[in-house]
Amino acid sequence: GGSWLDGYFESENDGQAAFTLSYCGSTEESSVKAYSYSGGVAGYAGALSGTVKNSFAAGSTESLSDYAGGICGRHSEGSITGCITSGNIKAARDYAGGIAGHSSSLIADCASSSVISGRDYIGGIAGLGKDITGCYTNVKLLPEGVKIGSVAGFADISADTVEYNYFTGEYKGINGVNYGSGENNAAVSLSSGELASEGALSVFLTGFGSDSWIGGKTLQYPVPRKLT
């Protein structure tokens, strides 16, 4: 089986319209396997102002080499917003992430509860990330090497926009370090009870807006509003 969309989406900056993928998804029964660039929605997403939004992936995603992500294996331009993943994500080598294995653009208002495994650059949102904002994870990481984080295996918080991200779990936020209020809450550890809420969003989720997120009808983790 496979996800709804799996492949290589890329446009050169030659005046072509950028792509938009929205309201895509894969079920728990689906499985995506590729030699490289394996993603639950797109293997490689790279287009000027391209967007992947309001999508989910619950199936398994595996790369036999590098770049495995719950939404995109590799994400080079544009944005990924309002997405959530929960399946198993595995890279035989490097770059595995709950949303993107490798991202050099914006990931915002996303969440993952996936099981993520690989060697180096393993992260709850991105194995290697750039701009990550307003995301949370409660992932299980199974790394074999270095550059590991419950938010990102690696991201440069001094040069990029990394803010208001939260996580539960064993591993620290970004490459073995947590970042609190002095660094715009770039990677803050919460307990499961602090992350969950009923009705309104948890008071611990500073920077999360009700325009993007909705609290649970019962005690549960928040969900991207446009997926409800």
Side-chain angles (χ1 to χ4, degrees), residues 3 6 26 32-34 36-46 52-53 55-157 160-162 165-176 186-187 224:
S3 69
D6 175 47
S26 63
V32 177
K33 181 182 287 189
S36 187
Y37 304 114
S38 183
V41 172
Y44 190 118
V52 181
K53 63 181 182 180
S55 297
F56 68 92
S60 66
T61 303
E62 181 178 359
S63 168
L64 300 178
S65 55
D66 303 305
Y67 307 114
I71 298 297
C72 295
R74 184 166 181 178
H75 168 231
S76 62
E77 297 181 58
S79 62
I80 302 175
T81 60
C83 295
I84 192 165
T85 67
S86 60
N88 292 329
I89 299 164
K90 179 179 180 180
R93 296 192 307 217
D94 303 334
Y95 303 108
I99 300 298
H102 183 298
S103 174
S104 50
S105 194
L106 173 67
I107 300 176
D109 304 323
C110 292
S112 180
S113 58
S114 295
V115 177
I116 307 166
S117 59
R119 189 173 61 187
D120 300 335
Y121 294 97
I122 310 302
I125 294 295
L128 188 150
K130 187 176 188 296
D131 298 331
I132 305 173
T133 181
C135 297
Y136 80 83
T137 74
N138 62 313
V139 296
K140 181 176 182 180
L141 302 178
L142 302 173
E144 298 177 0
V146 298
K147 307 294 184 185
I148 314 302
S150 291
V151 172
F154 182 81
D156 187 350
I157 71 163
D160 302 319
T161 302
V162 184
N165 301 301
Y166 304 89
F167 67 91
T168 68
E170 173 185 358
Y171 288 89
K172 291 188 177 181
I174 300 173
N175 193 22

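Positions are given from 1 along the sequence. Keep in mind it's a predicted model, so treat the numbers as computed, not measured.
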Any [X] side-chain heavy atom under 4.5 Å of [Y] side chain:
X      : Y      : answer
Lys33  : Leu64  : yes
Pro143 : Tyr171 : yes
Asp109 : Pro224 : no
Ser86  : Phe56  : no

Spacing of [atom1] belonging to [X] relative to [atom2] belonging to [Y], to within rounding of 0.5 Å:
X      : Y      : atom1 : atom2 : answer
Lys172 : Ile148 : NZ    : CD1   : 14.5 Å
Thr61  : Ile89  : OG1   : CD1   : 5.5 Å
Phe154 : Ile174 : CZ    : CD1   : 9.0 Å
Ile99  : Ile84  : CD1   : CD1   : 8.0 Å
Lys140 : Ser150 : NZ    : OG    : 13.0 Å
Tyr67  : His102 : OH    : NE2   : 5.5 Å

Shortest non-hydrogen contact between [X] and [Y], atoms and distance:
X      : Y      : result
Cys110 : Gly82  : SG-N, 3.8 Å
Ile132 : Ala152 : CD1-CB, 4.0 Å
Ser36  : Ser65  : CB-OG, 3.3 Å
Tyr37  : Ser63  : N-OG, 4.3 Å
Tyr136 : Ile125 : O-CD1, 4.0 Å
Cys135 : Asn165 : N-OD1, 3.0 Å

**Request:** Please answer whether the main-chain N or O of Lys53 pairs with a side-chain N or O of Ser55 as donor and acceptor at a distance below 3.5 Å.
**Result:**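 Yes, Ser55 side chain to Lys53 backbone: donor-acceptor pair under 3.5 Å.
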**Partner of Ile122 by side chain to side chain contact (heavy atoms under 4.5 Å, CB included), out of Leu142, Leu141, Val146, Val139** =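 The passing option is Leu141.
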**Asked** Would Arg93 and Asp66 pass as an ion pair if we require N to O under 4.0 Å?
**Response**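 Here Arg93 pairs with Asp66 in a salt bridge, since their nearest N and O are under 4.0 Å apart.
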**Asked** Side chains of Ser112 and Thr85: do they bring a donor and an acceptor to under 3.5 Å?
**Response**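 Present: a donor and an acceptor within the cut-off.
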**Name of the residue among Ser103, Ser105, Ser104 meeting side-chain hydrogen bond (donor to acceptor under 3.5 Å, both in side chains) with His75** =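 The option that passes is Ser103.
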**Request:** On the 0 to 90° scale, with breaks at 30° and 60°, tag the Tyr121-Tyr95 ring pair as parallel, tilted or perpendicular.
**Result:**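 Plane angle under 30°, so parallel.
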